Number of protein chains: 2
Amino acid sequence: MAQAVRHDEMRAHNLALVLREVRSHGSLTRATLAEVTGLTKTTVSKLVGDLLEAGLVVEAGAVRARERGRPGVEVRVSGDRVAAIGLEINVDYLSVRVVDLSRRVRLRLTQAVDNRLSKPMDVIGDLRRLALSALAQAEGTGLRVVGAGLAVPGPVDIESGEIHNAPNLGWRNVPVGTALDLGVPLRVENEANLAALGELWFGAGRADFLYVSGEIGIGAGLVVNGALFRGARGFAGELGHVVVTPEGPQCRCGARGCLEQYAGQDAFLDAVADRSSFAHGIDAIVAHLEHGDPTTKAACEKAGWALGVALSSAINLVDPHTIVLGGIYAPLFPWIGGVVAETIGGRLAQMRATAPPVEVSRLGSEAAALGAAGQVLETVVADPAALSERLTDRRDPGPR
Amino acid sequence: MAQAVRHDEMRAHNLALVLREVRSHGSLTRATLAEVTGLTKTTVSKLVGDLLEAGLVVEAGAVRARERGRPGVEVRVSGDRVAAIGLEINVDYLSVRVVDLSRRVRLRLTQAVDNRLSKPMDVIGDLRRLALSALAQAEGTGLRVVGAGLAVPGPVDIESGEIHNAPNLGWRNVPVGTALDLGVPLRVENEANLAALGELWFGAGRADFLYVSGEIGIGAGLVVNGALFRGARGFAGELGHVVVTPEGPQCRCGARGCLEQYAGQDAFLDAVADRSSFAHGIDAIVAHLEHGDPTTKAACEKAGWALGVALSSAINLVDPHTIVLGGIYAPLFPWIGGVVAETIGGRLAQMRATAPPVEVSRLGSEAAALGAAGQVLETVVADPAALSERLTDRRDPGPR
DNA sequence: ATATTTAGTCCACAACATAGACTAATTCGG
DNA sequence: CCGAATTAGTCTATGTTGTGGACTAAATAT
């Protein structure tokens, strides 16, 4: 658990503190950095020196922070040295994103493919090919990719990187963590959780919210005080199986009346009674809605009500500051957001002064892959000392 | 947010580490302490010396830890110097507990009284009298009470110590935090949260569980990795208003079909159709059950089912390791525990290998007051350096 | 009685942050 | 245009803390 703190860890902590402050302020001089951190100018200078040497920050031009006196030299996070790769396997696409330490997206590769039709190992092979080509391109521009993150639609054992059960893909007990070897450390995580983190770091940027990921299944990622809440075993956020009506329609989870039966992608398509092409399902629905189709509108009403009911349980239990609707709910937001907010507001009327606002995600299907990459970058910012050690002795590429 | 780390904070951290290890192991020699913390014997000796001087630990007799060689001197947490006071205002009683740093309960005062019949300030006055007498007794035995915790049945603003709305007491906007002045720092917190912490520190002692507090209202406290989960605004855990049936009976929260309408104390009493005496309501119900009364048994079945439905939503959302039933559910456990576990198990069948076990609380109505005291002791263990400063200059009794 | 083993202390040293003097680079005012 | 004022950043001496190994203390084994 908690361990002894020695001089080197004190230094590592302060190094991380400085890097975090530089990032959160965009750019800072050493003098203001000393002010905001509470460290002395001497210490800040030494720490910034180390960060410069490691290539994690760069000096921008001189600026006059105050009107009089010598101008300071601003320091900002360097996007030219360190990067991470984010991957996503979803039902109908594979995607790869390379993001540098300054959170700029350097490379986007997306491949539309129905992954339910292939064997897991073949899908992993496809993704590996995409990822390796992205890695090669990134390394070619001088970036050093320090780690990879992978988003999958279903609960994952984070330690082993094994997918227990991804019902929408039809996968069971697939050891992606070990099968997808890219030569860099890999972390596998639930898609909804990573999409929430993506929203945190690349989207709206609030520190407290519940992200709702509507796909074939419905997941949620809870961010509290800037950190993901995973629960005891890492299975938290299964919003799709929260009860809407205890004796409602049978769900494939074994229970009855789960949210997924009312507001999952299939429920929409069933309601619209036009399941011609699954891949363009959402586009078709939006088209119907834009033409004012009453059946589709009614389906939205019903799904929005169910989502509101399930979310009111969630709000009572975990008290999020805001609700962010993502996945298929993002394009449907104009027709569904109002009902959701009204249902929540109605059910929470007496419990709290104001119900959490319901907002729409700013990132489309990119959220999870970006969150996956961002999570790797976050480990770098949390412990820059560990990285610079690894960067200095390049002989050893570092174990898993 | 995160702040700079200096030498004094390094020391404070290691001091806390040593104290924590001493507590979690019961008693330890300096040598084994050096092993488990990773610090050197020299450093451990210095830190232990400071803790001894502050009176937070004491030396027990010498023991031969290993067969050969000089025997070590074991050190354990001292229960004779530092203590905390835990208070609870509930609907039908006031209670006070004094607990020393070694977590021994030194004093118990409970007063049965229907607090709905008095004005809030009168109730606070009653509690203050009880608490001051307990404080005097404790100080008389040489204990130094370093802080107080207060449990109230309803959501609280932790910062200000103000109760927004305690519907079961009929209180609104009562500033208990400032009104109840005991001369020591006071922290006010929701009863369910503190009962969960009480269970953590004085009861079963698991590090991950969801504690369900069934009283007139139904609350829950979620403990994850030994820490309380409060949500963004501190209102998490309102299990009583999780949806069981979205169009069910009207709840006083404004919604319909909340758990409280099915499994709250009033729902039980209504079902049994014998609301003769509220104070002994639960005892009467247990008596009926022990005589095999079928109406009461049916009420348990229904409440247990509803609790299982709401808990299955909670498990999907927050993934607790274990469910602990407390409050009125503790005496009812023999008749209700089975249905709850079955309902949960049935609804989670396909989602995870095993559903969280449903257990019964080991502490009766004492849980919340003990948790309140324990929370104060935890701040001492988390930062013993801050306390010893305050203990050394006794002129200044400390602000707030 | 002596060797061995383990506990705990002592002392020289290393790592880190601090405080304040010092140098560098700019603006302001005459 | 030059000196005073002001702010940025570096340098040096110092203080606090943990480390490592030598040392003393107290037990058991032979």
Side-chain angles (χ1 to χ4, degrees), chain A residues 2-18 21-22 25 27-53 57 59-76 384-385 388-389, chain B residues 2-18 21-22 25 27-53 57 59-76 384-385 388-389:
Chain A
Q3 276 305 313
V5 169
R6 276 168 277 260
H7 291 122
D8 53 340
E9 301 169 60
M10 179 164 79
R11 184 174 185 76
H13 178 104
N14 287 335
L15 201 63
L17 174 67
V18 167
E21 290 293 336
V22 168
H25 285 79
S27 60
L28 279 175
T29 65
R30 290 168 176 80
T32 43
L33 212 34
E35 268 179 41
V36 297
T37 60
L39 295 164
T40 59
K41 288 192 296 177
T42 312
T43 306
V44 168
S45 272
K46 270 190 288 188
L47 294 171
V48 168
D50 283 10
L51 291 173
L52 282 169
E53 201 177 341
V57 301
E59 288 188 330
V63 282
R64 49 198 158 293
R66 267 78 162 182
E67 281 309 303
R68 292 246 270 266
R70 171 178 166 178
V73 177
E74 291 207 317
V75 163
R76 59 177 167 70
S388 43
E389 271 173 35
Chain B
Q3 276 305 314
V5 169
R6 276 167 278 259
H7 291 120
D8 53 340
E9 301 169 60
M10 178 164 80
R11 184 174 187 78
H13 178 103
N14 287 335
L15 202 63
L17 173 67
V18 167
E21 290 292 337
V22 168
H25 285 78
S27 60
L28 279 176
T29 65
R30 290 167 175 81
T32 44
L33 212 35
E35 267 178 43
V36 297
T37 59
L39 295 163
T40 59
K41 289 191 296 178
T42 310
T43 306
V44 168
S45 271
K46 270 190 286 189
L47 295 170
V48 168
D50 283 11
L51 291 173
L52 282 168
E53 201 177 340
V57 300
E59 289 188 329
V63 281
R64 51 198 156 292
R66 268 77 161 181
E67 281 309 303
R68 292 245 270 266
R70 171 178 166 179
V73 177
E74 291 207 316
V75 165
R76 58 178 168 70
S388 43
E389 271 172 37

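Letters A, B, ... are given to chains in the order of the sequence lines, protein chains preceding strands, and every chain is numbered from 1. Only a predicted model underlies this, so the values are computations on that prediction, with no experimental measurement involved.
For residues 8-17 of chain B, the salt bridge (charged side-chain N to carboxylate O under 4.0 Å, His left out) pairs, not counting sequence neighbours, are R6(B)-E9(B), R11(B)-D50(B).
A side-chain contact (heavy atoms from CB on, under 4.5 Å) with L33(B) is found for exactly one of H25(B), E21(B), K41(B), namely E21(B). A side chain to side chain donor-acceptor pair (under 3.5 Å) with S27(A) is found for one member of E74(A), R76(A), E59(A) and no other, namely E74(A). Screening V44(B), T43(B), L51(B) for a side-chain contact (heavy atoms from CB on, under 4.5 Å) with L47(B), the sole residue that qualifies is T43(B).
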Could you run down the sub-3.5 Å N/O contacts of the protein with nucleotides 28-30 of chain C?
none

B/S/- along nucleotides 14-20 of chain D (protein heavy atoms under 4.0 Å) is -BBBBBB
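Here the shortest heavy-atom pairing between T37(A) and L17(A) reads CB-CD2, 3.9 Å. Counting all heavy atoms, side chain and backbone alike, V48(A) lies closest to V57(A) at O-CG2, 4.4 Å.
Separating the CZ atom of R30(A) from the C1' atom of dC11(D) is a distance of 15 Å, rounded to the nearest angstrom. Atom-to-atom, CD of E35(A) to P of dT7(D) comes out at 11 Å; the value is rounded to the nearest Å. Atoms NZ (K41(A)) and P (dC16(C)) sit 22 Å apart, rounded to a whole Å. Atom CZ in R70(B) sits roughly 18 Å away from atom C1' in dA3(C) (whole-Å rounding). The separation between L28(B) atom CG and dA7(C) atom C1' is 14 Å, rounded to whole Å.
Across all strands, V73(A) comes closer than 4.0 Å only to sugar-phosphate atoms, never to a base (heavy-atom distances).
Among the nucleotides dA25(C), dA7(C), dG9(D), the one closest to the side chain of P71(A) is dA25(C).
For S45(B) and dG8(C), the shortest distance from a side-chain N or O to OP1 or OP2 is not below 4.0 Å.
From H13(B), atom NE2 reaches atom CE of M10(B) across 10.5 Å, with rounding to the nearest 0.5 Å. The line from CD of Q3(B) to CG of L39(A) is 8.5 Å long, rounded to the nearest 0.5 Å.
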